[in-house]
Amino acid sequence: MKPTHIAALCITLLLAGFASAADVRDVRFWRAPDHSRVVFDLTAPVSHEVISLSGPDRLVVDISTAEMKAATDTLTFENSPIQRMRYAAKPDGKLRVVFDLSDAVQARSFFLAASAGQNDRLVVDFLDQQKENEPPKVVKSVSETPQRDVVIAIDAGHGGEDPGAIGPGKLREKDVVYKIAKKLQAKFQSKRGYQVVMIRDGDYYVGLAKRRDLARKAQADFFVSVHADAFTHPSANGSSVYALSQRGATSASARILARRENEADLVGGVSLSDKDHVLAGVLTDLSMTATLDASLSVGAQLLGEMGKISRLHSKRVEQAGFAVLKSPDIPSLLVETGFISNPGEARKLATSRYQNQMAQAIFEGIDRYFRESPPPDTYFAAVKRGTVAPSNDVREYIIASGDTLSGISARHNISVAELQRHNGLADSAIRVGQKIQIPPVQ
């Protein structure tokens with residue numbers, strides 16, 4: 001081979017080596033209840049190796065042909081076993097990242113190829129040891145609580161690595177729906193007869209299958225997943241309610257939404273390599289029939305309440321194959337609180353007042369269902385049978401567009417005169433946003 005050809009070949013190989021190298025553009029940290037997560041945002045695919053060392057405890061991550069370009073000086077690891085992160089380039093071209101630990105940990109790691117607008121990523125999870133040894137908490141113990149609480153699992157969609165849809169002004173779906181979910185939690189917790197389980201109680205991602213598993217572990221009577229929709233055209237608007245379908249989507253929009261929501265694991269950072277989704281889906285769907293009727297009944301109640309404060313994108317409960325709703329024994333719904341891609345609805349969704357109104361609507365719909373059709377071993381069933389007196393709780397209600405005092409009185413089985421007397425109202429005039437109290441039914 002001529003010298004010029006050898007030189008050209010060397011340059012080609014050198015350029016190919018540079019082309020295959022990846023830059024670490026960002027390093028992010030997320031804290032979840034049972035683990036800590038570090039995410040390396042990459043410009044190209046990499047291979048990696050994880051090594052645990054002791055004396056002192058460290059976790060070493062060797063990343064092939066990578067270079068650290070991220071600013072890590074301000075990165076903190078609060079409430080985690082990670083004390084600090086340091087890195088250095090190795091002679092073989094690998095990037096060595098060392099995590100100094102306060103204690104030994106179990107680690108899991110996986111690479112996520114670029115998808116759904118996200119770059120290639122390397123995910124390293126530090127698993128909390130003590131969490132794995134805690135015995136499961138039994139919620140539905142009739143012997144301990146003859147009239148047990150109804151258990152509501154509230155799931156704020158997306159979180160952590162997955163921001164969900166992005167609206168005007170970089171309004172993030174994960175932030176909006178978490179605020180609505182927290183307000184919904186407070187409403188249930190303020191009423192006797194309910195116990196709430198928050199599927200996500202912070203800014204971290206929970207896999208779709210794990211969301212279902214957490215609800216089942218809590219022995220939930222109902223699962224509600226809160227979201228905010230998005231569309232390519234900003235004119236799309238309205239709120240909607242979705243249940244699982246066993247026979248295909250009820251509309252094109254429901255099918256598109258289910259596909260987008262089911263891709264959340266790819267964005268949120270969940271390894272899918274060990275899951276047979278087809279088999280799991282079939283086995284789960286076989287046992288879903290018993291819960292679908294309850295899901296649709298609650299969904300109809302929710303639409304009735306949500307329609308009082310917002311335009312409905314669909315006036316029926318739509319159905320599609322949402323992975324997060326595939327709990328075989330728990331009635332489940334996915335609520336789209338509005339289109340965050342619509343400037344007008346985004347402005348409303350960003351306000352605490354509208355978030356509270358939406359939480360109130362969701363609460364009213366679920367609450368009415370369980371008061372009318374309570375599980376037989378619950379406090380609400382005992383109240384319906386007349387074996388216990390109803391709670392003396394006073395309930396707060398926020399007047400929504402279209403509300404009338406007569407309509408509110410009929411909905412809560414109380415006279416207009418009693419509502420006026422309890423709230424010091426001289427007449428039936430009310431205004432949107434006004435707060436009134438619903439006294440207990442005597």
Side-chain angles (χ1 to χ4, degrees), residues 137 139-142 144-156 178-199 201 215 218-226 294 297-302 304-306 308-309 330-333 335 337 352-353 355-400 403 407-415 418-419 422-423 434-442:
K137 180 181 179 181
V139 177
K140 295 180 181 178
S141 176
V142 178
E144 294 177 4
T145 54
Q147 289 99 35
R148 69 169 180 86
D149 292 339
V150 168
V151 181
I152 306 294
I154 301 176
D155 172 40
Y178 182 67
K179 291 175 182 177
I180 294 174
K182 291 297 288 184
K183 294 180 192 306
L184 181 59
Q185 176 191 24
K187 293 181 186 300
F188 277 110
Q189 287 180 334
S190 68
K191 309 303 174 187
R192 181 180 174 186
Y194 288 110
Q195 179 176 335
V196 178
V197 174
M198 293 296 287
I199 301 300
D201 205 3
Q219 302 171 342
D221 294 286
F222 191 78
F223 175 94
V224 57
S225 190
V226 185
S297 295
V298 181
Q301 300 276 20
L302 285 184
E305 294 297 328
M306 292 164 63
K308 297 171 184 175
I309 64 167
I330 305 174
S332 305
L333 289 175
V335 178
T337 56
S352 179
R353 174 181 170 185
Q355 292 164 6
N356 189 66
Q357 287 179 319
M358 185 57 67
Q360 182 73 34
I362 298 171
F363 168 78
E364 292 285 354
I366 298 174
D367 179 58
R368 182 178 301 110
Y369 172 81
F370 279 106
R371 290 180 186 274
E372 293 175 355
S373 306
D377 57 342
T378 61
Y379 162 77
F380 294 124
V383 170
K384 192 171 184 179
R385 290 192 301 266
T387 55
V388 300
S391 169
N392 290 324
D393 290 342
V394 174
R395 303 167 64 188
E396 182 181 86
Y397 184 86
I398 300 176
I399 305 300
D403 271 344
I408 295 171
S409 69
R411 193 181 314 142
H412 295 279
N413 195 28
I414 190 171
S415 70
E418 179 61 17
L419 274 179
H422 188 83
N423 290 278
Q434 178 183 355
K435 294 181 181 179
I436 64 173
Q437 291 185 335
I438 310 295
V441 179
Q442 301 298 325

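Taking the six-membered ring for Trp and the full ring otherwise, the centers of Phe380 and Tyr194 sit less than 6.0 Å from each other.
Here the shortest heavy-atom pairing between Val151 and Ala218 reads CG1-O, 3.8 Å. Here the shortest heavy-atom pairing between Ala361 and Leu302 reads O-CD2, 4.0 Å.
Judged by distance alone, the side chains of Gln301 and Glu305 never bring a donor and an acceptor atom under 3.5 Å apart.
Ile408 is listed as a side-chain neighbour of Ile438, based on a closest heavy-atom distance under 4.5 Å. Taking 4.5 Å as the limit, some side-chain heavy atom of Val224 sits within range of a side-chain heavy atom of Leu184. Under the 4.5 Å side-chain criterion, counting only non-hydrogen atoms from C-beta, Asn356 is in contact with Lys187.
Within the 3.5 Å criterion, the main-chain N or O of Phe363 finds no donor-acceptor partner in the side chain of Asp367. Side-chain atoms of Lys384 come within 3.5 Å of backbone atoms of Glu372 as a donor-acceptor pair (strictly under, hydrogens ignored).
A salt bridge does not link Arg192 to Asp149: none of the charged nitrogens lies less than 4.0 Å from a carboxylate oxygen.
Taking Lys179 as the reference, Gln355 meet the side chain to side chain contact (heavy atoms under 4.5 Å, CB included) condition, with sequence neighbours excluded. Here Phe222 pairs with nothing under the ring pair (Phe, Tyr, Trp, His ring centres under 6.0 Å) rule; sequence neighbours left out.
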